[in-house]
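Chain letters run A, B, ... following the sequence lines, proteins first, then strands; residues in each count from 1. It should be emphasised that the depicted structure is a prediction, and the values quoted were computed from it without experimental measurement.
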Protein chains: 2
Amino acid sequence: MSAKQPTIKEIAKRLNISISTVSRALHDHSSIGLRTKTRVKELAKELKYEPNQAAIFFQQRKTFTIGVILPFLSELFFSSAISGIEDVAVKSQYTVLLGQSRDDANREKHIIETMKKHRVDGIIISISKHTTNYEHFNRLRQSGIPVVFFDCIPNMTDIHYVACNMVSGTVQATSFLLKNGHRVIGLINGPEKLYASKQRQEGYQIAMSKHRLKYDPSLIVNSDLTKEGSRKAVKELLEHKRKVTAIVTFNDYVALDAMQYADAQQVAINKDVCFVSYSNLPMVEYLKYSPMASVEQNPYLQGQKATEMLLELLQKKEEDQTDNSSYKIIIDSHLVEYKQ
Amino acid sequence: MSAKQPTIKEIAKRLNISISTVSRALHDHSSIGLRTKTRVKELAKELKYEPNQAAIFFQQRKTFTIGVILPFLSELFFSSAISGIEDVAVKSQYTVLLGQSRDDANREKHIIETMKKHRVDGIIISISKHTTNYEHFNRLRQSGIPVVFFDCIPNMTDIHYVACNMVSGTVQATSFLLKNGHRVIGLINGPEKLYASKQRQEGYQIAMSKHRLKYDPSLIVNSDLTKEGSRKAVKELLEHKRKVTAIVTFNDYVALDAMQYADAQQVAINKDVCFVSYSNLPMVEYLKYSPMASVEQNPYLQGQKATEMLLELLQKKEEDQTDNSSYKIIIDSHLVEYKQ
DNA sequence: GAATATAATGCAAACGATTGTTTACCGGCA
DNA sequence: TGCCGGTAAACAATCGTTTGCATTATATTC
């Protein structure tokens, strides 16, 4: 049924020439005569010869594969990012080896091991929310496998990354509310440890002080990003002694849960209390309630940039430049207002 | 910085023994003395030796990689499927090489070529809606790369596939509406060519005849699955001379667009006209309107089954069994009613 | 026709590991 | 002493391709 794939050797034997000649002929090497070239190419086509990539990978110590590790594929943010990654990768003949960490540190570690075994040329990763030990990243560095972080970035020095400027995004989001006359604005933030949470808090504070308003820490509450956590958080804000008229949420999923809870409490969404968030959401137009505005994080662009960065690093590595600088790209986010 | 990875050769040289001894020692081969074994293993650990998978892949003519080609990663149906695929694959030490066809036949073809080059061991694919030429699949077969189709399956003989029984699902969906007293039920189907559309139509007819109702072909309209197409389709049904009180839609995305249009026409969703669909949707609970019920297609399970099937085929291939039977798994779908 | 330049090809090592076949050495036994 | 069996290790081929270097034809020139 499945005859063995023909090899360069096979072609050489049939044409009664040497293996190296065949190889060179197929690569249009200048030192091969025209007649031989065409003879080789014709036979190759006839036999449906295809180079054995596995052999080439091995020979070249390169697999043209990049590993991509994401917490969840099913979130639009990540699936958009991976689209961006794939698009850029494909253009440069790279393929994508996929891993889903499900926000589980062990799974993440295991995936990285597997990818290392597979000798991926490089890795793009948004780390799991629960990754606190960075040992495996150090090991990657030791193995000389370039890593580009994006979105969720570890607290390490000398790393390459692409990220979205959440500070300015949050400033915009908060300012938007302030301009609309809100004065008591709550922030449902993510877990305190996350860098992303810190940035949001910073942005919130900046916006407040820009408008010469006192910063009230009790207006910032944390959600563990579960439904229950978000409900608790919004409850706290709704019951706050000062009348909260607007809320910035860590992301759209939090916003949905918060709005759902508020709605159940007879709060008129975006009237009694306005919501502003970060956009991860598909299908906004079909939703029962959506935030008034969201900070766009451009996941597709982030994916593209991360991939371009990685390809550049690979290029540099190939040219054996021992440049120790770390690459950083910070993408600006901007507020998108939704039609209500 | 990145010292070259140590090889088996390196170990051999340092210990002044032969390469093969090292290899066998690391594999706990019985013919290697205990002392040598421990010496080898210790040095291996010390040098942080890791076998070069690229070399092994090449040597064993196997990559432990399966290619997965899907139309869109961002649809929940597919991202769930890929979760199932990944979970099973990981357990058997396989990794997933990803390709997104975006429902584009050329892209699909190109991805397959790349995967063939990468010498994936097998492929799992849900074909693009616009794939009409199956030449590339035949070529895969010739190369001896097993393929498991799922979800969207080509009209070919002797293929392996996992699919969901859409006929019975549609029978259930339609019967559900009939039991609720509806008599004039519309069906917004997908493109006529699709196998999936044919199954839905068949189910619809079966349900009708079971209830001794005449089959009225004018109640079946097609959508090209774009927003505009679905709006046109529902418009036709809403303006049908018989008063359509319920509609079965090809999938949830169609349902959303149809319901949105109907809503804009002052039709009370799931009161004036009831909707039943096929579930591809995340976040049903947050939606403005959702179908009364959906046929669950178990994408995660389909992904798992497809991967198990592929692994079995690979096993068989390895054992060189030339069994020509084709594997088919048909998963039963069932109706899920939503709380309104 | 010999020397020389040039074009065309072949040789062989290398990439890192696996694995079938030999070899070396030892003790035991007739 | 010589043969056998067994254990432990070495040898060598192999997987398919690339590539530096050597070698052989062919053409050019005097």
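Of the candidates dA8(C), dT18(D), dT18(C), the closest approach to any side-chain atom of Thr36(A) belongs to dA8(C). Residue Tyr49(A) has its side chain nearest to dT17(D) when only dT17(D), dC11(C), dT18(C) are considered. Distances from the side chain of Ser31(A) to the nucleotides dT9(C), dA9(D), dT19(C) place dT9(C) closest. Each of dT21(C), dT18(D), dG16(D) was ranked by its minimum atom distance to the side chain of Asn52(A); first place goes to dG16(D). Side-chain proximity of Ser20(A) to the nucleotides dA10(D), dG10(C), dA17(C) is greatest for dG10(C). The side chain of Ala55(B) lies closest to dG16(C), out of dA8(C), dA9(D), dG16(C). Of the candidate nucleotides dT18(C), dT9(C), dT17(D), dT18(C) has the atom lying nearest to any side-chain atom of Gln59(B). In this structure, of dA10(D), dT17(D), dT9(C), it is dT9(C) that holds the atom nearest to the side chain of Thr21(A).
The nearest heavy atom of DNA chain D to Ile17(B) and to Arg61(B) marks one nucleotide each, and the one closer to the 5' end goes with Ile17(B). Between Ser30(A) and Ser23(B), the one whose closest nucleotide on DNA chain C sits nearer the 5' end is Ser30(A).
Put simply, NZ on Lys13(B) is 13 Å from C1' on dG16(C), counting in whole angstrom units. When the P atom of dT19(D) is taken as reference, atom CD1 of Ile8(A) falls 11 Å away, rounded to whole Å. Note: NE2 (His27(B)) to P (dA8(D)) measures 19 Å, nearest angstrom. Between the NZ atom of Lys37(B) and the C1' atom of dT7(D) there is a distance of 12 Å, given to the nearest Å. Nucleotide dA9(D) holds its C1' atom 15 Å from the CG atom of Leu26(B), rounded to whole Å. Between Ile32(A) atom CD1 and dT19(D) atom P there is a gap of 13 Å when expressed in whole angstrom units. Computed from coordinates, the Asp28(A) CG to dA8(C) C1' distance equals 15 Å when rounded to whole Å. Between the CD atom of Gln60(B) and the C1' atom of dT14(D) there is a distance of 12 Å, rounded to whole Å.
For Phe57(B) and His118(A), the ring centers are positioned less than 6.0 Å apart.
Note: Phe58(A) and Phe58(B) have parallel aromatic rings, judged against thresholds of 30 and 60 degrees for the angle between ring planes.
Between Arg119(A) and Glu50(B), no side-chain nitrogen of the basic residue sits less than 4.0 Å from a carboxylate oxygen of the acidic one, so the salt-bridge criterion is not met. Taking 4.0 Å as the cut-off between side-chain N and carboxylate O, Asp121(A) and Arg61(A) do not count as a salt-bridged pair.
Side-chain polar atoms of Tyr134(B) and Asn155(B) form no donor-acceptor pair below 3.5 angstrom.
Residue ring and base: Phe58(A) does not count as stacked with dT17(D) (centre distance below 5.5 Å and interplanar angle below 30° not both satisfied).
Within the cation-pi definition used here (under 6.0 Å to the ring centroid, within 45° of the axis), Lys45(B) does not qualify as a partner of Tyr49(B).
In this structure, Lys9(A) reaches the dC15(D) phosphate: one of its side-chain N or O atoms is under 4.0 Å from OP1 or OP2.
A donor and an acceptor atom sit less than 3.5 Å apart, one in the side chain of Arg24(A) and one in the base of dG10(C).
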